Each structure stands twice: as structure tokens, then as C-alpha cells.
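For reference, the structure is listed below as C-alpha cells.
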Amino acid sequence: MYGLQLPDYPWDTLTPYRQRAAAHPDGVCDLSIGTPVDPTPEAIRQALREAADAHGYPTTAGTDALREAIAWWSAQWRGVTVDPATEVLPTVGSKELVAWLPTLLGLSARGASGLERPMAVACPSQAYPTYEMGARLAGVDCVRLDAADILAGASLEGIGLLWLNSPGNPTGEVLDTDTLAAVVARAREAGVIVASDECYALLNWAADTAAPSILDPAVTGGEHTGLLAVYSMSKQSNLAGYRAAFVTGDAKLIGNLTNSRKHAGMILPAPIQAAMIAGLRDTAHVQEQKARYAARRTELLPAAEAFGLRIDHSTAGLYLWASRDEDCWETIAALADLGIIAGPGAFYGAAAGQHVRLALTAPDERIAAAAARLREA
């Protein structure tokens, strides 16, 4: 044995298409990865600078001020009330929580319900790959299961953790409160923990309000048993490099996760905690960033349609989920010939094999260049 064997990182397979796109005389328009390109707000950077003398160990649970800021943000943006003392936990970005949650819940050892057998992880059929990688890290199966499948009566037997992702990556699909409530009711009946990845919630193109949360009172019936909401500040505040995120929900689960993370040393650095407080308390920069992405979306979406791409879902988030009803690699190749790099749907599950993901996270000039090439093709 030479350690855990995971598949190669999928983005490496784009290399030949990147080389093909690089031949374009006007340069590459990289719309493949959702990493922010706009500046981190000055108020957040100032808070980081002021907290730089962090000579002591920070706490895993976060400072009182940070937990209170997270609770304030949850009420302000999501209409959700959480107890800052027991229902809030900062994390080192959201990806590490997604990857390690099945392990920290003990699914492989005893199952979420205490049974002496492994419990599977379920995630959407078109999904961020880390949900499945988290199951593999824990040594348990991953089942592809959409909210629509659950509403249609699909069995939850043998599942310990159900991932929802709304707004979805890569699809941009938003689950409404009725759908979320029905899924939660089924999961609770089956004794399944539901974790909802909601990091694109404030980038809702269908309304001025945020997309609904799994912790919305209309979903939960007023109590958070068995429910976790995961959020990252990477998108709303251009903080991908800070690894600033948090999870809220069921107090017992949050307490167990906090204890496990203490043992594992999963601690958010003190300067980052201070920066998060500044970002969570400031609403203006979030609205400004959403306006930037909205303008890029307005530029790119009709151009993609002019190129012959059908845009599915994409009502929230940083991506256009696009298809020409052909194998995604054919579309990737056609776009590379225009100097445009997109994300292949194949990275997101078998059900996504005829789609590509176009990210809005490129400078305005590159978005405009990509739109012009698509319109003229």
C-alpha cells in the first residue's frame, strides 16, 4: 500500500485545450475556473493588517465577535436565526469542510445513526467533485441523488449524509423553500443529516434577495435538528485566498465538529477571523461585487446563445451552464479554437457530460473579448 489512491486532479486534463486556446492572436479568455479576479475590499484588508500581531493560538470555535458577526450576517442576508454560542463554527474555507465532513461525522466507522456499518454520502447528479472526494476520503460510497429524485420517492436507506447545493455549482439551479422543506422532511424521517452548500446564495440573479437557505424557518419548522448550512466568503467578498468560511446549524452537530476539529488542529488563523468580521459586517461591498458579476453576465449570456449554446438553470452563482447537445469535449474544443477556455461538464458527473461551464470570474476586458468572439463565430 502506498497511501490513499484518488483520481488525478481533473483540471490537469484541460492542458491541451489551454495550449490550443493560447494560439489565438488576441490571447486567451479563461472562463474555466471560478476564482475571483477583483480586489479584496479595503476594509477587509485593513482588518487583516491590524490583526497581524497574532502571537497566540486562536480558538477552533472562533472569537465571540466572529460568531456574533456570522449570526448577524445570517439574520441580515438569509432571514435565519442561529445561536452564536452553539450553532456557528468558522472553517478553513468551505472545500476542506466538504471534503472532511463525512470523516468527521464518522460515517465509515458507525454511520450517522450509530449503526455498526458504513453509511453512504449522497450528492447531486451534477455536482462539485469534492462531495464525492469527501466520501472517498472517508472510505464510503457516494450516491448521486437530486432533490427531484427524493421528492419522487427515491430511497434514503443506507445514506448518512445528504449534500444539497443551492445555488448549484455548476448548474446555477436554486431550490425553492417548498422543495427544501420536502427534502428536509424526508431526510428527518430517514435519520439522514442534510448539509447544504450555499456559497453562491447572495449572487441570485432572479431576485434582489438571497437564495433560500436550508435553515430558513419555512424549511426547518423553526428548529435545526439534522441540518447544516455551509457558506464561503470567497465569492461574495473576493476572499478565496483567505480561506474564510463557516458552517451553521444543528447545535449538537456543531459541537461535535468543533471538538473533532480541535483534535485535528483545523483552526482558522486569528487575522483571518478578524478580516471575516469586517467582511460580514459590511454590506456595501457585497452589493458592489454582485453588480460587477451581473454586468459580466449581461455581456456574456446573449453572446453564448448566439454561438448556439443553450443556457440551462444559471439563475444564480458565477457560471453559465451551457450545452450544444453534444459531448462536452467537442464544445470545449470549439471554444478553444476561439481562444476561450471553459470547464468541461464531465468534471461534474456523468449526467453533466453534454454541458460546459462558463465562469463570470474574468476581468471585464476578457469577458468582452470572449463575448465578441462568440457573437462573430
Side-chain angles (χ1 to χ4, degrees), residues 36-54 56 58-97 167 196-204 207-217 224 228-249 251 254 258 261 266-294 316-318:
V37 297
D38 301 304
T40 300
E42 175 56 30
I44 297 175
R45 288 185 279 166
Q46 181 62 31
L48 183 74
R49 288 191 289 266
E50 292 175 357
D53 183 17
T59 60
T60 300
T63 63
D64 291 346
L66 175 55
R67 293 197 306 273
E68 289 165 3
I70 292 169
W72 179 87
W73 178 94
S74 298
Q76 174 79 13
W77 287 104
R78 314 302 305 280
V80 168
T81 299
V82 292
D83 183 343
T86 61
E87 295 186 316
V88 170
L89 175 63
T91 64
V92 190
S94 60
K95 184 173 183 176
E96 64 91 351
L97 180 71
S196 180
D197 183 350
E198 302 176 350
C199 71
Y200 299 94
L202 302 194
L203 297 172
N204 185 9
D208 292 333
T209 55
S213 173
I214 195 74
L215 300 183
D216 189 298
H224 300 157
L228 295 171
V230 180
Y231 192 78
S232 166
M233 295 179 67
S234 295
K235 317 304 180 184
Q236 72 158 50
S237 302
N238 301 327
L239 288 187
Y242 284 51
R243 312 313 301 133
F246 54 87
V247 57
T248 56
I254 293 292
T258 302
R261 292 169 70 85
M266 294 178 174
I267 305 172
L268 192 65
I272 302 300
Q273 294 192 36
M276 284 180 69
I277 295 168
L280 290 165
R281 293 287 188 181
D282 177 48
T283 59
H285 82 271
V286 178
Q287 294 163 336
E288 291 168 4
Q289 188 59 43
K290 182 180 179 181
R292 291 188 190 104
Y293 285 132
L318 293 180

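Positions are given from 1 along the sequence. The analysis underlying the following values was restricted to heavy atoms, covering all of them including side chains, and did not include hydrogens, waters or symmetry mates. The structure presented is a predicted model; accordingly, all values stated were derived computationally and were not measured.
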Taking atom CD1 of Ile214 and atom CG of Asp197, what is their separation to the nearest 0.5 Å? 11.5 Å
With distance as the sole test, does Lys235 use its side chain to make a donor-acceptor pair with the main-chain N or O of Ala201 at under 3.5 Å? no
Sorted by chain and residue number, the side chain to side chain contact (heavy atoms under 4.5 Å, CB included) partners of Thr283 (sequence neighbours excluded) come out as Trp72, Gln76, Trp77
Testing the basics here: between Ser74 and Thr248, what is the closest heavy-atom pair and its distance to 0.1 Å? OG-CG2, 4.5 Å
What residues, two or more places apart in sequence or in another chain, satisfy ring pair (Phe, Tyr, Trp, His ring centres under 6.0 Å) together with Tyr242? none
Hey, is the main chain of Leu239 close enough, under 3.5 Å, to the side chain of Ser237 for a donor-acceptor pair? no
Applying salt bridge (Lys or Arg N to Asp or Glu O under 4.0 Å), can you list everything that pairs with Arg49, at least two apart in sequence or on another chain? Glu42
Ser234 and Arg243: which non-hydrogen atoms are nearest, and at how many Å? OG-NH1, 3.7 Å
If the condition is side-chain hydrogen bond (donor to acceptor under 3.5 Å, both in side chains), which residues does Gln289 pass it with, not counting sequence neighbours? Asp38, Asn238, Arg292
SG-CE distance between Cys199 and Met233, expressed to the nearest 0.5 angstrom: 12.5 Å
Set of salt bridge (Lys or Arg N to Asp or Glu O under 4.0 Å) partners for Asp64, sequence neighbours left out: Arg67
Thr91: which residues meet the side chain to side chain contact (heavy atoms under 4.5 Å, CB included) condition with it, sequence neighbours left out? Glu96, Leu97, Ala245, Val247, Arg261
In chain order, what residues pass the side chain to side chain contact (heavy atoms under 4.5 Å, CB included) check against Pro269, with sequence neighbours excluded? Pro271, Ile272
First locate atom OH of Tyr293, then atom CG of Leu202, and finally report the distance between them rounded to the nearest 0.5 Å. 12.5 Å
Set out, in order, the CA-CA distance, both residues' side-chain angles and the distance that settles side chain to side chain contact (heavy atoms under 4.5 Å, CB included) for Glu87 and Leu215, then state yes or no. CA-CA 11 Å; Glu87 295 186 316; Leu215 300 183; over 6 Å; no
Listed partners of Asp53 passing side-chain hydrogen bond (donor to acceptor under 3.5 Å, both in side chains), at least two apart: His55
Go through the structure and list residues passing side-chain hydrogen bond (donor to acceptor under 3.5 Å, both in side chains) with Thr209, not counting sequence neighbours. none
Taking only residues two or more places apart in sequence, or in another chain, which ones meet Ala65 in a side chain to side chain contact (heavy atoms under 4.5 Å, CB included)? Thr63, Ile277
Inter-residue atom distance Thr258.OG1 - Met266.CE, 0.5 Å rounding: 12.0 Å
CD on Gln273 to CG on Leu48, rounded to 0.5 Å: 12.0 Å
Taking the inter-plane angle between the rings of Phe246 and Trp73 on a 0 to 90° scale, is it parallel (under 30°), tilted (30 to 60°) or perpendicular (over 60°)? perpendicular
Which residues pass the side-chain hydrogen bond (donor to acceptor under 3.5 Å, both in side chains) test with Ser196, sequence neighbours left out? Glu198
CD-CG distance between Gln236 and Leu280, expressed to the nearest 0.5 angstrom: 6.5 Å
For Ala211, does its backbone N or O pair with a side-chain atom of Arg78 as donor and acceptor, under 3.5 Å? yes
